[in-house]
Every structure is written in structure tokens, then in C-alpha cells.
Visitor: 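Quick one: the structure is below, and I'll ask about it shortly.
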2 protein chains.
Amino acid sequence: MRLSNLADYAIVIMAATARKCGGGRVSAADLALETGIPVPTAQKIVSKLSAAGLLRSTRGAGGGLQLARPAAAISMADIVEAIEGPIALVSCIDTGDCTVDHECSVKPHWPQVNAAVRGALAAVSLAKIANEAPAQKEMA
Amino acid sequence: MRLSNLADYAIVIMAATARKCGGGRVSAADLALETGIPVPTAQKIVSKLSAAGLLRSTRGAGGGLQLARPAAAISMADIVEAIEGPIALVSCIDTGDCTVDHECSVKPHWPQVNAAVRGALAAVSLAKIANEAPAQKEMA
DNA sequence: TGAAATGCGACCGAATTGATCCGAATTGGG
DNA sequence: CCCAATTCGGATCAATTCGGTCGCATTTCA
């Protein structure tokens, strides 16, 4: 019942990107420096985020990352799903096969739980996070 | 974003216990046979469940397990917390220390997400699960 | 065209999880 | 009152996954 550190980092990185992506591109190294996440790990996360279509990566010198969608259109659920795959609390739902199949009276209740969790994550948009605490780094 | 198999098993075991605990005690081995979970694993889960106060264990010959509370008073959240510890999506909340401390603009949003998740889990009681699909398996 | 910077992919180590085994405690029967 | 069977409890060991690191192909600016 705990999402992986990668997903946590991904949210931080996305927030940092939203904050710095005012008008240009940001490099993964720069984001790593900004967030304190190890550079290679940040690159790995950025790769997944790009593959998921949340970030747009520009190759070559002077390139970098930028949000593929406006910050208001990106939610925690999107980021978590990009890193961790579909939001399903149990493997049963994905594979459709419980190791203990039986009647599995629990199965009918998972969809509603999953939906609730996803809703909770979807309720928080990236714009909200970025605006919450710019802290000392107030940008004009 | 996926709870451990142990927690999943725990829910199945609790449901089976609620179903078979009509008037007596059930052995861990019997529950394992009923649910299809490996016996040693079932014992391990039962231990944690007992330690958490959800099950009452009776030692000795003819002993076994029984629900410590009525099924209606036990929710998924209780079981998950018994196995996985407190429901916190990120380690930051527990430890109070992010590896990337910075401003951590994400932190203020976690409590509401955690509460929503916990609420979703607490909304499903063990009685509901046990009543959903008794021993018989309807045609699908 | 050349060189530098960047993102991308694969490899390796560490940690948590999951499964197994053995020992201690308790009760029922003789 | 003693013995034995059955049970839970804890400790140990292997496996899968996650996290971190390194090297390379690609792409752009000079």
C-alpha cells in the first residue's frame, strides 16, 4: 500500500518541470540538480515519463524536457500510472487469475476501491502542486 | 501502487474465517486448505493478524482461530493496516524526511490522498465480502 | 562537417517480499 | 498425574522486484 520511490520522484520532477518550464526546455541534469534526485535516476524517470507522453523530450545540444500537456491537465494519477502501470491494488485484476481462484469473494469489491483510489489521485493536478509551495524560489 | 500479496491473502483468509467461524474455531491449516494459500504462508499471515488484534488465536489441541470482532466491524483498511502498516502512499509522511527535502510542494497534498485511499478501503467491511459470494459459485 | 550535449537503453547491486522449516506452548486423553 | 497430539509463534533462507550506475546511439549548434 505504498507507491514506489520512482513514482514519488516522478511527481517531484514533474512539479519542478512545471515550475521551470516557463518558456523553454529543461535538461534532465538540471532537474536532478533542482530536485536533489540522483542524475541517472532522474534520467530513468524522465525516460518513462516521455514514453508515457507526459513529457516531450528534445534531443541534441540545447535540448531538454518540457511538459507535453498544460500543468492543469496532468494529475497525480497520470504520473503514477506512467511509472507504475495501471492503478490496480491487486494483481488479480490485471492478470484475471488469482492463484487462489475459488470463489474469491473479494474480487467484486476491488473495482470500486480502485476507482476510489484513482479518483483521489486524479483530484490533485500538477498545477495545484506547482502553485502550492514555490517556497523561496519565487519566479516572476 | 499495489498492495502486497500478503495483504491480499490476508483479506481472503479473513473472509474464509468469517464464513467458517460460525460457531467455533478454525485451524490455520484448514484455512490454508480452504483458500488454497500455502500453509506456512497462511500461518505467517495469521500470526500478523492475531498480533494486530483482528483474530483471536487459541493454542493447543482442538484450538484454532476466530474473529476477534464481528465481521461487520472489520474493514479492508483494518486488514491492510495489520499487514502493511499504516496506510501512507509515500515514506515521507512516516519518516518526516524526504531525501529531497527542498520545498517538496507535493507533501501538503498527501494527507488528503491518504485519507481518500483509507476511506475507500474502510468502506468495504468484512461482512460485505463474506456475504458477497458464499461457498457456492454462481455461473459466470 | 565536426564536436558537444542530450536522451536512451542495458547491466549490476541492494532491499524488501515471499515461502519454508523448526521450536515452544497448550490442551485432551489415558 | 503423565503422555502425546495438535496448534501457534518465531527464525531462517531463497526469489523477485526495485533502485542506482554506466556506456552508447542520436541529434543539434557552431
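Chain identifiers are assigned alphabetically (A, B, ...) following the order of the sequence lines, protein sequences preceding nucleic acid strands; residue numbering begins at 1 within each chain. Small disclaimer: the values here were computed from a predicted structure and weren't measured.
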Visitor: Counting heavy atoms from C-beta on, name the nucleotide in D:dC29, D:dT7, C:dC8 closest to the side chain of A:Ser47.
Guide: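 Looking only at side-chain atoms, A:Ser47 lies closest to C:dC8.
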Visitor: Would you indicate what A:Thr41 reaches in the nucleic acid, counting non-hydrogen atoms under 4.0 angstrom: base, sugar-phosphate, or nothing?
Guide: base
Visitor: Nearest to the side chain of B:Ala28 - D:dG19, C:dG28, D:dC8?
Guide: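 Selected nucleotide: D:dC8.
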Visitor: Can you tell me if the side-chain N/O atoms of A:Thr58 get under 4.0 Å from OP1 or OP2 in C:dT6?
Guide: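 For A:Thr58, the contact criterion (side-chain N or O under 4.0 Å from OP1 or OP2 of C:dT6) is not met.
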Visitor: Please state how far atom NZ in A:Lys44 lies from atom P in D:dC22, giving the value in whole angstrom units.
Guide: 14 Å
Visitor: If I take atom CG in residue B:Leu31 and atom C1' in nucleotide D:dT7, what distance separates them, rounded to the nearest angstrom?
Guide: 13 Å
Visitor: Nearest whole angstrom, please: distance from the P of C:dG28 to the CZ of B:Arg59.
Guide: 14 Å
Visitor: Please give, in whole Å, the distance from C:dT20 P to B:Asn5 CG?
Guide: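 Whole-Å distance recorded here is 13 Å.
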Visitor: With a cut-off of less than 4.0 Å, is there a side-chain N or O of A:Ser57 near OP1 or OP2 of C:dC8?
Guide: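 Answer is yes, contact under 4.0 Å.
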Visitor: Report the residue (A:Pro40 or A:Ala61) whose heavy-atom-nearest nucleotide on DNA chain C is the more 5′ of the two.
Guide: A:Ala61
Visitor: Indicate yes or no: at least one non-hydrogen side-chain atom of B:Lys48 is less than 4.5 angstrom from one of B:Leu54.
Guide: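 No. Closest side-chain heavy atoms not under 4.5 Å.
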Visitor: Grab the CD1-C1' distance between A:Ile83 and D:dG19 for me, whole Å please.
Guide: 13 Å
Visitor: Do A:Val117 and B:Val113 come within less than 4.5 Å of each other through their side chains, counting heavy atoms only?
Guide: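 They are not in contact (no side-chain heavy atoms under 4.5 Å apart), so the answer is no.
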Visitor: Report which part of the nucleic acid B:Ala51 touches: base, sugar-phosphate, or nothing (heavy-atom distance under 4.0 Å, all strands).
Guide: nothing
Visitor: Which residue, B:Gly64 or A:Leu6, contacts DNA chain D at a nucleotide closer to its 5' end, judged by nearest heavy atom?
Guide: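 The residue whose closest nucleotide sits nearer the 5' end is B:Gly64.
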Visitor: Round to the nearest Å and state the distance from B:Gln66 atom CD to D:dT7 atom C1'.
Guide: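 After rounding, the reported distance stands at 14 Å.
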Visitor: From CD1 of B:Ile45 over to C1' of C:dG18, roughly how many Å is that when rounded to an integer?
Guide: 10 Å
Visitor: Could you check how far CD1 of B:Ile13 sits from P of D:dC8, rounded to whole Å?
Guide: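 That distance rounds to 11 Å.
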Visitor: If I take atom CG from residue B:Leu126 and atom CD1 from residue B:Ile74, how far apart are they, to the nearest 0.5 angstrom?
Guide: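 That separation rounds to 5.5 Å.
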